[in-house]
Amino acid sequence: ARLMPNLFSLEMWGGATFDVAMRFLHECPWDRLELLREKVPNIPFQMLLRGANAVGYTNYPDNLVYKFCEQAKTSGIDIFRVFDSLNYIENMKLGVDAVGAAGGFIEGAICYTGDVADPSKTKYDLEYYVNFARELVDLGVHSLAIKDMAGLLTPRAATMLVGALRKEFPTIPIHVHTHDTAGTGVASMLAASAAGADAVDAAIDSMSGMTSQPSMGSLVAALKDDARATGIDMAALYPLIEYWESVRFSYAAFESGQKSGSAEVYEHEMPGGQYTNLQFQSTSLGLADQWSQVKKAYGAANRLLGDIVKVTPSSKVVGDLAQFMVTNGLDEKAVREQADSLNFPSSVVEYFQGAIGIPFGGFPQPMQRQVVKDLPVFSGRPGESLPPLDLEAVMASLKAEYGESTSETDLMSSVMYPKVFEQYKKDLETFGDVAKLPTRAYIEPMELGEEIHVDLERGKTLGIKLIAVGQLHPKDATREVFFEFNGMPRAVIINDRTAQSNKVVRPKAIDTAGGIGAPV
């Protein structure tokens with residue numbers, strides 16, 4: 001707030017971060033947003049809205065998308081970057097209308113794929129992107145965003161695309177987003193700026209590069225004393241670089257191991273946000289030594305699906321099909337020849353049913369017929385036929401389960417991610433507010449003799465010191481762990497999840513129809 005007051009925005013919410021906050025950090029995404037809004041009152045906050053999918057991976061009733069945007073605006077979001085994973089205008093319309101009704105700034109995103117600078121790639125040419133931008137402008141967006149998920153936008157392509165949009169829409173702000181997967185991100189953003197872009201996305205240097213965004217420091221330095229200078233003080237950037245470097249060190253265990261960028265992204269076109277996730281998933285499926293084949297299969301899967309725009313959730317469809325192909329030893333030709341008899345992943349079947357929308361140019365035939373067979377196919381916006389959700393009934397149910405303190409934001413979290421929210425509430429009941437723990441203490445076990453300090457509230461700090469870890473009790477795989485809390489001894493019994501136990505645990509019968517207790 002003090003060092004970077006002239007930023008256009010901070011993209012800090014929505015998209016995958018909503019799910020991740022509850023699922024992995026055991027924190028409320030709304031609390032994080034509202035706390036940040038309190039700490040940063042002077043810079044516009046920006047979120048990623050997946051059109052008709054809001055911040056989820058499925059279709060929601062229209063009234064829920066409207067209510068979600070209203071609550072997001074109330075909690076602190078200013079700019080809503082609305083996109084659809086297939087650039088399907090009907091899905092976009094719902095998101096745009098919902099943000100408009102909430103009073104938010106509508107940034108209509110054009111998801112970029114292909115290469116407008118390559119004459120041989122004719123599906124997604126300049127005319128396609130300008131026509132789609134016209135449709136967004138007709139919907140009433142306040143700005144246009146070029147969302148280059150995979151980092152495919154070369155400097156020449158950036159010059160051509162931004163130049164064409166600027167010529168067509170001389171007064172509408174243009175915002176460009178890319179990933180630095182191939183290492184050309186800084187050059188592409190400089191080219192976009194020169195062609196007339198008003199804002200470009202960048203990451204703090206210590207968090208930039210590879211599948212992240214291009215370096216902010218590099219862009220600031222490159223434009224210094226230029227007519228399009230950013231106005232950002234390099235000296236103000238240095239402490240932020242150092243801070244985020246230390247934060248990244250704290251999360252080193254979760255790094256992907258990627259050492260450099262790679263120009264092969266121009267071949268497989270995998271989004272930066274998916275690259276490391278798919279790599280981890282492939283490892284868990286036993287495909288770690290076949291990662292190069294998975295990347296190659298990703299490009300083939302994209303062609304089988306009709307050469308589509310790839311971003312959540314459409315990118316998941318491509319990734320699922322690629323892993324399916326490698327696991328079963330199938331190449332592109334084999335899939336086409338055996339499509340009638342293959343048991344495709346559910347996401348692929350749903351895609352061909354039109355469950356996430358209709359891709360530009362339609363579905364490839366006969367592939368769609370072979371995959372869908374006798375299943376129903378959507379002819380328009382998938383969520384259009386969903387009945388309104390009774391939000392009052394859902395709130396009443398939540399209050400019955402969790403108490404009268406259940407908030408509107410709890411309601412939104414629950415309807416977006418029911419199972420994730422339920423587990424989050426269980427974790428909160430078991431562990432309390434873990435957001436107050438120091439990062440390292442949350443991620444890794446404390447060392448013997450280590451002491452940490454937890455700020456429970458203003459003026460109330462708890463000192464926690466690990467004194468000893470007791471012997472393993474083999475019957476139930478538990479240990480007694482000894483602490484000092486502000487100098488007072490405390491002991492807790494914990495389950496050692498790394499140990500094996502001979503204890504047989506019989507779940508308690510649930511108080512519902514069909515719940516049967518164990519006989520002994």
Side-chain angles (χ1 to χ4, degrees), residues 52-53 57-59 84-88 90-91 111 113-114 120-124 128 149-150 264 267-271 274-275 277-279 281-386:
N53 304 129
Y57 301 93
T58 187
N59 295 294
D84 178 70
S85 71
L86 294 172
N87 281 347
Y88 183 46
E90 293 303 318
N91 282 345
C111 293
T113 192
S120 69
K121 295 186 175 182
T122 57
K123 183 172 184 178
Y124 301 102
Y128 164 78
M149 305 77 61
E264 64 184 351
E267 180 65 27
H268 56 65
E269 299 186 353
M270 195 182 299
Q274 182 184 26
Y275 190 97
N277 287 340
L278 191 64
Q279 189 176 28
Q281 292 167 12
S282 297
T283 300
S284 66
L285 291 173
L287 302 175
D289 59 344
Q290 300 180 69
W291 175 234
S292 60
Q293 289 96 311
V294 172
K295 288 186 288 185
K296 184 177 180 181
Y298 192 95
N302 176 49
R303 291 189 292 273
L304 288 166
L305 296 167
D307 186 13
I308 62 174
V309 173
K310 294 166 287 296
V311 62
T312 306
S314 64
S315 55
K316 182 182 183 301
V317 179
V318 184
D320 288 349
L321 181 54
Q323 289 177 328
F324 172 80
M325 292 168 66
V326 175
T327 300
N328 292 280
L330 300 167
D331 59 14
E332 186 175 349
K333 180 182 178 183
V335 172
R336 294 188 188 279
E337 291 174 347
Q338 302 174 39
D340 281 315
S341 59
L342 291 174
N343 185 20
F344 287 97
S346 59
S347 64
V348 175
V349 177
E350 290 167 2
Y351 160 76
F352 278 114
Q353 287 182 272
I356 62 173
I358 301 173
F360 175 63
F363 295 100
Q365 300 296 345
M367 194 74 176
Q368 184 191 31
R369 293 193 299 271
Q370 292 171 311
V371 173
V372 172
K373 299 180 173 65
D374 297 326
L375 294 173
V377 175
F378 293 96
S379 58
R381 179 165 66 84
E384 194 169 16
S385 59
L386 292 175

Q: Report the distance from atom CG of Leu86 to atom NZ of Lys310, rounding to the nearest 0.5 Å.
A: 10.0 Å

Q | Spacing of CG belonging to Leu304 relative to CG belonging to Leu330, to within rounding of 0.5 Å | A | 10.0 Å

Q. Considering all heavy atoms of both residues, which atom of Tyr124 and which atom of Val309 are nearest to each other, and what is their separation?
A. OH-N, 3.8 Å

(Q) How about NZ on Lys296, more than 12 heavy atoms from neighbouring residues, nucleotides or ligands closer than 6.0 Å, or not? (A) no

Please list every donor-acceptor pair under 3.5 Å in which a side-chain atom of residues 348-364 meets a protein atom from a residue at least two apart or in another chain.
| residue | atom | partner | partner atom | Å |
| --- | --- | --- | --- | --- |
| Tyr351 | OH | Leu305 | O | 2.7 |
| Gln353 | NE2 | Pro376 | O | 2.9 |

For residues 284-293, which side-chain N or O atoms pair as donor and acceptor with protein atoms under 3.5 Å away, sequence neighbours left out?
| residue | atom | partner | partner atom | Å |
| --- | --- | --- | --- | --- |
| Ser284 | OG | Gln281 | O | 2.6 |

Q) Looking at side-chain heavy atoms only, is the closest gap between Asn302 and Thr113 below 4.5 Å? A) no

Indicate every side-chain donor-acceptor pair of residues 315-328 with a distance under 3.5 Å to a residue at least two apart or in another chain.
| residue | atom | partner | partner atom | Å |
| --- | --- | --- | --- | --- |
| Ser315 | OG | Thr312 | N | 3.2 |
| Lys316 | NZ | Asp320 | OD2 | 2.7 |
| Asp320 | OD2 | Ser347 | OG | 2.6 |
| Gln323 | NE2 | Ser282 | OG | 3.1 |
| Thr327 | OG1 | Gln323 | O | 2.8 |
| Asn328 | ND2 | Phe324 | O | 2.8 |

Q: Applying salt bridge (charged side-chain N to carboxylate O under 4.0 Å, His left out), name anything that partners Glu384, two or more places apart in sequence or on another chain.
A: none

Q. CD/Gln274 to OH/Tyr298 distance, rounded to the nearest 0.5 angstrom?
A. 3.5 Å

(Q) Surrounding CD of Gln338 (heavy atoms of other residues, nucleotides or ligands, distance under 6.0 Å), is the total greater than 12? (A) yes

Q) If you round to the nearest 0.5 Å, how far is NZ of Lys295 from CD of Glu267? A) 11.5 Å

Q) Which value, rounded to the nearest 0.5 Å, describes the distance between Met270 atom CE and Glu264 atom CD? A) 8.5 Å

Q) Taking all non-hydrogen atoms of both residues, which atom of Pro382 and which atom of Tyr88 are closest, and how far apart? A) CD-CE2, 4.5 Å

Q. Who passes side chain to side chain donor-acceptor pair (under 3.5 Å) against Ser341, sequence neighbours left out?
A. none

Q. Are Asp84 and Ser314 side-chain neighbours, meaning at least one heavy-atom pair lies under 4.5 Å?
A. no

Q. Can Phe344 and Gln370 be said to form a side-chain contact (heavy atoms from CB on, under 4.5 Å), step by step?
A. CA-CA 10 Å; Phe344 287 97; Gln370 292 171 311; over 6 Å; no

Q: Give a yes or no on whether the backbone of Cys111 and the side-chain of Asn87 come within a donor-acceptor separation of less than 3.5 Å.
A: yes

Q: Look only at the side chain of Lys123 and the backbone of Gly306, and say whether a donor-acceptor pair between them is shorter than 3.5 Å.
A: yes

**Q.** salt bridge (charged side-chain N to carboxylate O under 4.0 Å, His left out) contacts touching residues 359-375 (sequence neighbours left out)
**A.** none

Q. Any side-chain heavy-atom pair from Met367 and Val335 closer than 4.5 angstrom?
A. yes

